[in-house]
Amino acid sequence: MYRYDEFDHRFVQERVAEFRSQVTRRLDGSLNENEFKPLRLMNGLYLQLHAYMLRVAIPYGTLDSARMRMLAHIAEKWDRGYGHFTTRQNIQFNWPKLSDVPDILDALASVEMHAIQTSGNCIRNTTSDPYAGVAADEVEDPRITAELIRQWSSLHPEFTFLGRKFKIAVTGSAEDRTALKVHDIGIQIVRNTAGETGYRVLVGGGLGRTPMIAKELRAFLPREDLLPYLEAALRVYNLHGRRDNKYKARIKILVHEIGIEEYARQVEAEFAALDRDAIAAPVEEVARIAAYFAPPKLAARPAESTAFERARQVDPGFAAWASQNTFPHRVPGYVAATISLKPIGGAPGDATAEQMRAMADLAEKYSRDELRVTHEQNVVLPHVALDDLHSVYRGLAGVGLDAPNKGLVTDIVACPGLDYCALATARSIPVAQNIARRFGSTARQKEIGPLSIKISGCINACGHHHVGHIGILGLDKAGVESYQITLGGDATETAALGDRTGPGFGYDEVADVIEKLVDRYIELREVPQETFLQTYRRVGMEPFKEAIYATH
Amino acid sequence: MQLIDLTGRAQDRWAHVGDEDPIPAEGPVIVPAARLFEVAEGRETGIHVGNDTDPEDLVPLFDRLQLVSVAFPSFADGRGFSIGRKLRALGFDGTLRASGPVIADQFAYLIACGFDEVCIPDALAERQPPEQWEAARRLISAGYQRGLGAGRSILDARTGR
């Protein structure tokens, strides 16, 4: 895991001091509210429905136990004892006082964390694969590239007042677990025919009110050109992206309006004119960062574990959890274990201080002191020996984090919605809770199989509903909440935007509608292994539409 | 308007000429780009450009220009930062001025993008006097980016460059 050196430490400390002075200058009138707003946003501080909200960056979702414990401490000392993990692998605290924020930022800096650029019209937290360093199909650990981008994008003098926010994701695998194609820029580490590693660069994806799937900008970019190429891509956007309408200011609109060929032409021309050597990171610096992400030395173990097999037989709850919530590790005898933050009836992505400490303890003891936050709002322990898996499970069960539902119908992604957010037009969390209760039975969830439900409480789509197998969008129709349903969305390498079923449904009807869709899928599927998404792609919208709109 | 540069409050020796104003007979003058032809060659000359200007269009004029003033219609409109960097990359070595309501908290970014000075509205200068600009500029002692006009990059400091 990356560790700060003296320069990183000083940078973050100076940034906190800068924000302290900005708060002071706001209070003495040197900065007016209009000027202060983007400055506070670029330090992660939003003004929400009931209070300020502080969003803390978790670069590429990687944490260690000390950092997780600090998040627990912040939740207890300055908030209401819990935090909310987000789809950008960050965490947000919903109730801090403005006057406490500089102290919170100091506390974060003490464990090499910050809230820089978690909001605002700048380059946001760079996200990555939660199974980085674990997945067998990985070309290279994507966090080396993500850390390089984190540093380059931090307070970039040219790109801190963009037309709109800018999100970058990096993956090292062909199987995409980062929602690469719905990012402003998506970077896939690839190997060319000569065997060299480099980058496939996608551009112009995004959700929000005009969802779009990213297009390929460069099939292969030599790795040393990463930062100069990003400068060229961002410069073309900064100069030519629309500024007349904030809803048309994302890069996806520019790419859509001028076309990917013209955008690519401009980027390549800009790139050709740059002094690449002056901008690129020195090879020694890349090597320095890479060393922090060297694979942990995991002692070789037998691929089969007798302790694991025995525990599975005596503890059916563990057996169900282990079969659903683990991901194969490239080292035999290990798995990556997903801690579901979706207990039935809970708020998706929330964790209490006690739960954060329990996760930190388990990571320290059983997972090489590492944790990963996922864009599905769960947490992963990346390096768990099969022999230890039952102990991990019991530790999680003790704090209510043992839901065996990873990737199933109750593993719902939801934005905070009308319960917290000033932009929301409808509730999200209670909708998720109602659906989860409806499908609470583990056996039933297992029978249904992989199914991703994503819920947004407004058109801005923070809950990523466009790319849920079933998407739910809460709107306000003349003062009444109305929920539109989309089907067939997909956030992976086969990315697709969901299709609307038709007119929306009332708040009380949503769980019934989801159940009808699920029942229809079970009737339609040819074999139990055919997933909801596969069935939808085979049969199309009509049978599902009939299931939810026909009057029987 | 008030002029602030790295030395603090500065005297603006340039006459600002708008679209309709008569051009003074002598002394350094900043004119809209479209009126450059009205200024005699050999005179100290600057032009004022909008932030939708293509910097490459200015390259043929570099020999004639001692100053380029780039409009910042709002501090939140960051196009001018890219224009500054491009002008420097294209070889402009005269004075680069940011004109408009930019704020002290952006001073370091402006300098890094190649600007020498800012020309801001009087009311803003009153709220944010030159001491604030100087203090804000020094708050972050080094950034991560390379290839900028000013300051040492953390990446270079690490490798002893």
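Within every chain, numbering begins at 1; the chains are lettered A, B, ... in the order of the sequence lines, protein sequences first and strands thereafter.
Aromatic pair B:Phe81/A:Phe159: centroids not less than 6.0 angstrom apart.
At a 4.5 Å heavy-atom cutoff, B:Glu126 makes no contact with chain A through either its backbone or its side chain. Heavy atoms of B:Ser153 lying under 4.5 Å from chain A are absent altogether. Of the atoms belonging to A:Arg243, it is side-chain heavy atoms, and not backbone ones, that fall under 4.5 Å from chain B. Interface remark: A:Arg20 contributes no atoms to any contact with chain B (heavy atom separation under 4.5 Å). Heavy-atom distances place no part of A:Leu274 under 4.5 Å from chain B, backbone and side chain included. Contact annotation for A:Gln13: neither backbone nor side-chain heavy atoms come within less than 4.5 Å of a heavy atom of chain B. For A:Asn32, the parts sitting under 4.5 Å from any heavy atom of chain B are the backbone and the side chain alike. For A:Asp275, no part lies near chain B; criterion is any non-hydrogen pair under 4.5 Å. Contacts between A:Thr160 and chain B at a heavy-atom distance below 4.5 Å involve the side chain alone, from C-beta outward. Only the side chain of A:Glu270 comes within contact range of chain B, with at least one heavy atom under 4.5 Å from a heavy atom of that chain. In this structure, the portions of B:Ile83 lying under 4.5 Å from any heavy atom of chain A include both its backbone and its side chain. Proximity to chain B (any heavy atom under 4.5 Å) is restricted, for A:Ser21, to the side chain, taken from C-beta onward. Heavy atoms of B:Ile140 lying under 4.5 Å from chain A belong to its backbone as well as its side chain.
Of the listed residues (A:Ser153, A:Pro157, A:Ala281, A:Gly29), the one with the most heavy-atom contacts under 4.5 Å to chain B is A:Pro157. For chain B, the option among A:Arg25, A:Gln22, A:Glu231, A:His240 with the highest count of heavy-atom pairs below 4.5 Å is A:Arg25. Ranked by heavy-atom pairs under 4.5 Å with chain B, the list A:Asp277, A:Asp8, A:Asp28 is led by A:Asp8. Counting heavy-atom pairs closer than 4.5 Å to chain A, the top residue among B:Pro129, B:Ala108, B:Ala76, B:Ser141 is B:Ser141. The candidate from B:Ala157, B:Ser74, B:Gly143 with the greatest count of non-hydrogen atom pairs under 4.5 Å with chain A is B:Ala157.
Of all non-hydrogen atoms in A:Glu14 and B:Ala142, the two that sit nearest each other are OE1-N, 4.3 Å. Across every non-hydrogen atom of B:Arg158 and A:Phe7, the tightest pair is CG-CD1, 3.8 Å. Taking both residues in full, the closest heavy atoms of B:Gln132 and A:Ser30 are given as NE2-OG, 2.7 Å, listed atom of the first, atom of the second, then distance. Nearest heavy atom pair, residue B:Tyr144 against residue A:Gln151, reads CB-O, 3.2 Å. The two residues B:Phe75 and A:Asn34 make their nearest non-hydrogen contact at CZ-O, 3.4 Å. Here the closest heavy-atom approach between residue B:Arg146 and residue A:Pro282 is recorded as CD-CD, 3.9 Å.
Every residue meeting the side-chain contact (heavy atoms from CB on, under 4.5 Å) condition with A:Asp225, not counting sequence neighbours, appears here in chain and number order: A:Leu221, A:Pro222, A:Phe271, A:Arg276.
A donor atom on one side chain and an acceptor atom on the other are found under 3.5 Å apart for A:Glu158 and B:Ser82. Looking at A:Glu285 and B:Thr159, their side chains never bring a donor and an acceptor atom within 3.5 Å of each other.
By the 6.0 Å contact criterion, NE2 on A:His256 is open, its count of non-hydrogen atoms from other residues, nucleotides or ligands being 12 or less.
Of the possible donor and acceptor atoms, none in the side chain of B:Asp105 sits under 3.5 Å from a partner among the backbone N and O of A:Leu39. The backbone N or O of B:Ile103 lies less than 3.5 Å from no partner atom in the side chain of A:Glu35, so there is not a single donor-acceptor pair. Judged by distance alone, the side chain of B:Gln145 and the main-chain N or O of A:Trp152 form a donor-acceptor pair under 3.5 Å.
The CG atom of A:Leu148 lies 7.0 Å from the CG atom of B:Leu155; values are rounded to the nearest 0.5 Å. One finds the CD1 atom of B:Ile154 at 8.0 Å from the CG atom of A:Asp5 (value rounded to the nearest 0.5 Å).
When side chains are defined from C-beta on, A:Leu31 counts as touching B:Gln128, because their heavy atoms get closer than 4.5 Å.
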**Prompt:** Could you walk me through whether B:Asp77 and A:Phe161 pass the side chain to side chain contact (heavy atoms under 4.5 Å, CB included) check?
**Reply:** CA-CA 6 Å; B:Asp77 185 337; A:Phe161 292 87; over 6 Å; no
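Chain A is approached within less than 4.5 Å, heavy atom to heavy atom, by B:Arg85, B:Lys86 from residues 84-97 of chain B, ordered by number.
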